[in-house]
Amino acid sequence: MPTFDYAPAPESRAVVTLQPSYGLFIGGEFVEPVAGGGMTTIEPATEKVLAEVAVADERDVDLAVRTARRAHQRIWSRMPGAERAKYLYRIARIMQERSRELAVLESLDNGKPIKESRDVDVPLAAAHFFYHAGWADKLDWAGFGPNPAPLGVAAQVIPWNFPLLMLAWKVAPALATGNTVVLKPAETTPLTALLFAEICAQADLPPGVVNILTGAGATGAALVAHPDVDKVAFTGSTEVGRQIATAVAGTRKKVTLELGGKAANIVFDDAPIDQAIEGIVNGIYFNQGHVCCAGSRLLVQESVAEEVIARLQARMTTLRVGDPLDKNTDVGAINSQEQLTRITALAEAGEAEGATRWSAPCPLPRKGFWFAPTVFTGVAPAHRIAREEVFGPVLSVLTFRTPSEAVARANNTPYGLSAGIWTEKGSRILWMADRLRAGVVWANTFNRFDPASPFGGYKESGYGREGGRHGLAGYLKEAGL
Ligand code: NAD
């Protein structure tokens, strides 16, 4: 009997050259942290150590902020926008040239499938630099008044789910508007940020314009608390977002917070069901569900619920879970033991509270951190899996009867980052979009990103927007100041 199994198709990891250890990127070069020592970053798919990275403390933070301030005053704020644009453009081109290396490194350090890092993370990161290169010399005509001025030094702290892409969301608008930056990547995924530091040097970016400090929460806290920082841009959990909002309250620092989510993906009975199934899968199993705007609550109209769930489960049995570097892999490794423990605990709570659990029957590798794509049916709005962000490949299904009930259920969350609507009626899409309290509403698609489109949340999903013209505003002084 012929079989139609996929043969392994591994991407070569030889395209990446890892150093045994990395310092801090300050003033255009790698330097040792004042205290010495460091932490390791591991490959979540195998638990093997990839490299040692430095841990920055207050003294390193102070040096980096002072360096960024000098670069801002002496070079970057004085440079015409057209000249800044050239650097952004050059960085974008080098990211494209080194895209294979960036993609492999991202998949190694994060655990995400190579087809996602190759086709989504890296191209979108380069697109952010291209897009913002275009803005750098047009700020006078962008509706911010004449001569809009940069804020100064931006402190930027990012999470581990899209390490390079979140870096691009932060660094590109900051540089385009004439700010200099000190960025801290997440402790479990520092490697593409360090390769980005190398790219900045390769692009001859003036020293000190971009500084990268590795470390954990304490490094991030020291950075946002530094008195000479003008802007704090944070992406991460709502809990840490709250701490940061408290830390900067009463200071002159401008803040944007991109926090968690619990998005509703709403399927009406007139939706193109095959397309909707792909959208549901993409909404929650893309990037192992480690997506702030993941469609983690499926709201399906009662009359088609049975059919949608049956077709979804059939589709889920075809998902290939495993080696992130295999080009056929759909779902990779969970980023850390800590995150796996959290996902496992919430899935157990779902069962204990009475929902019905179904997981795709897929073999999981023995070593590393893995969680099979899972769907819960019979979920009540009060269940923890309906309220809390799982940040993993776990979908909760709820039903509704009328559009008004769909809106009420969708908005019944402290978050408000994104939502999806599946229906063939344009009028219904507009009616729903008007009523959904979510920063982004996708219609008949999900998880679409574009640098020209502002992204951000309502309620506990944060404030401020990134991307588009709105994203530039967060890095400019208000008119008249
Ligand atoms: P996290 O909040 O634990 O960590 C994010 C970053 O903050 C890391 O770099 C961490 O070292 C740093 N940090 C931790 N404590 C800090 C402190 N007290 N002060 C300053 N920095 C500190 O989040 P995570 O687990 O890395 O990421 C997952 C979360 O990020 C999820 O909740 C997800 O929804 C959210 N997220 C949001 C968006 C968005 O655009 N809204 C995008 C991606 C991820």
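Atoms within a ligand are numbered from 1 in the order they appear, just like the ligands themselves.
Where the criterion is an N or O separation shorter than 3.5 Å, residue side chain and backbone included, Gly215 fails it with respect to ligand 1. Taking only nitrogen or oxygen atoms, main chain and side chain alike, Thr235 does not reach within less than 3.5 Å of ligand 1. Below 3.5 Å of separation, one finds an N or O of Ser237 facing an N or O of ligand 1. For ligand 1, one of its N or O atoms has an N or O atom of Gly236 under 3.5 Å away. Inclusion of Glu187 in the set of residues having an N or O under 3.5 Å from an N or O of ligand 1 is warranted.
Every atom of ligand 1 is numbered from 1 in the order shown, and the set under 4.0 Å from a heavy atom of Leu417 is 41 (N). For ligand 1 and Phe455, the ligand atoms under 4.0 Å from any heavy atom of the residue are 40 (O). In the vicinity of Val240, heavy-atom distances shorter than 4.0 Å reach the ligand 1 atoms 2 (O), 13 (N), 14 (C), 15 (N), 16 (C), 17 (C), 22 (C). For ligand 1 and Val157, the ligand atoms under 4.0 Å from any heavy atom of the residue are 6 (C), 7 (O), 9 (O), 12 (C), 21 (N). The distance from ligand 1 to the heavy atoms of Gly220 drops below 4.0 Å at these ligand atoms: 19 (N), 20 (C), 21 (N). Close approach of ligand 1 to Ala186 is summarised as follows: ligand atoms under 4.0 Å from at least one heavy atom of the residue are 9 (O). Listed by number with element, the atoms of ligand 1 under 4.0 angstrom from any heavy atom of Pro159 are 26 (O), 27 (O), 43 (C), 44 (C).
By the 4.0 Å heavy-atom criterion, Phe234 is counted among the residues contacting ligand 1.
Taking the six-membered ring wherever Trp is involved, the centroid distance between the rings of Phe162 and Trp169 does not fall below 6.0 Å. Taking the six-membered ring for Trp and the full ring otherwise, the centers of Tyr89 and Phe130 sit less than 6.0 Å from each other.
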Worked verdict on Met95 versus Phe196 for side chain to side chain contact (heavy atoms under 4.5 Å, CB included): CA-CA 8 Å; Met95 287 173 89; Phe196 178 80; 4.3 Å; yes
Candidate pair Thr341 and Gln337, rule side-chain hydrogen bond (donor to acceptor under 3.5 Å, both in side chains), full reasoning: CA-CA 6 Å; Thr341 305; Gln337 178 62 57; 3.2 Å; yes
Residues Arg242, Glu460; criterion side chain to side chain contact (heavy atoms under 4.5 Å, CB included); working and verdict: CA-CA 9 Å; Arg242 265 194 206 106; Glu460 290 186 19; 3.0 Å; yes
Side chain to side chain contact (heavy atoms under 4.5 Å, CB included) between Gln339 and Phe369, intermediate numbers included: CA-CA 9 Å; Gln339 188 61 22; Phe369 314 130; over 6 Å; no
Acceptor/donor pairs from residues 36-45 side chains to any protein atom, 3.5 angstrom cut, sequence neighbours excluded:
from  : atom 1 : to     : atom 2 : distance (Å)
Thr41 : OG1    : Asp109 : OD1    : 2.7
Thr41 : OG1    : Thr188 : O      : 3.1
Glu43 : OE1    : Arg13  : NH1    : 3.4
Glu43 : OE1    : Thr46  : OG1    : 3.1

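Between the side chain of Glu106 and the main chain of Val122, no donor-acceptor pair closer than 3.5 Å is present. For the pair Thr445 (side chain) and Trp442 (backbone), a donor-acceptor distance under 3.5 Å is absent. Of the possible polar contacts, one joining the Asn179 side chain to the Tyr475 backbone as a donor-acceptor pair under 3.5 Å is found.
When non-hydrogen atoms are compared, ligand 1 lies under 4.0 Å from the side chain of Glu389 (C-beta onward) but not from its backbone. The part of Ile244 lying near ligand 1 is the side chain, judged by heavy-atom distances below 4.0 Å. Contacts of Pro185 with ligand 1, taken as heavy-atom pairs under 4.0 Å, involve the backbone alone. Using a 4.0 Å cut-off between heavy atoms, Ala216 contacts ligand 1 through its backbone alone, with no side-chain atom that close. Residue contacts with ligand 1, taken as heavy atom pairs separated by less than 4.0 Å, involve Gln243 solely via side-chain atoms from C-beta onward. In Val291, neither the side chain nor the backbone holds a heavy atom less than 4.0 Å from any atom of ligand 1.
Ranking protein heavy atoms by distance to atom 8 (C) of ligand 1, first place goes to Ile158 O, 3.4 Å. At the top of the distance list for atom 33 (C) of ligand 1, counting protein heavy atoms only, stands Phe391 CE1, 3.1 Å. Protein heavy atom nearest atom 41 (N) of ligand 1, with residue, atom name and distance: Leu259 O, 2.7 Å. Scanning the protein heavy atoms around atom 25 (O) of ligand 1, the nearest turns out to be Trp160 NE1, 3.0 Å. Nearest to atom 40 (O) of ligand 1 among the protein's heavy atoms is Glu258 CB, 3.3 Å. Of all protein heavy atoms, the one lying nearest to atom 14 (C) of ligand 1 is Gly217 CA, 3.5 Å. Among all non-hydrogen protein atoms, the one lying nearest atom 43 (C) of ligand 1 is Asn161 ND2, 3.1 Å.
Atom CZ of Arg448 has 12 or fewer neighbouring heavy atoms from other residues, nucleotides or ligands inside a 6.0 Å radius. No more than 12 heavy-atom neighbours from other residues, nucleotides or ligands sit within 6.0 angstrom of NZ on Lys48.
Cation-pi geometry between Arg469 and Phe144 is met: under 6.0 angstrom from the ring centre, within 45 degrees of the axis.
When the heavy atoms of Gly457, Cys293, Cys292 are ranked by distance to atom 36 (N) of ligand 1, first place goes to Cys292.
Pairing each heavy atom of Lys112 with each of Gln288, the nearest pair is CA-NE2, 3.8 Å. Closest of all the heavy-atom pairs between Leu183 and Lys170 is CD1-CB, 4.3 Å. Of all non-hydrogen atoms in Asn447 and Phe286, the two that sit nearest each other are ND2-CD2, 3.5 Å.
Within the 4.0 angstrom cut-off, atom 1 (P) of ligand 1 has one or more protein heavy-atom neighbours.
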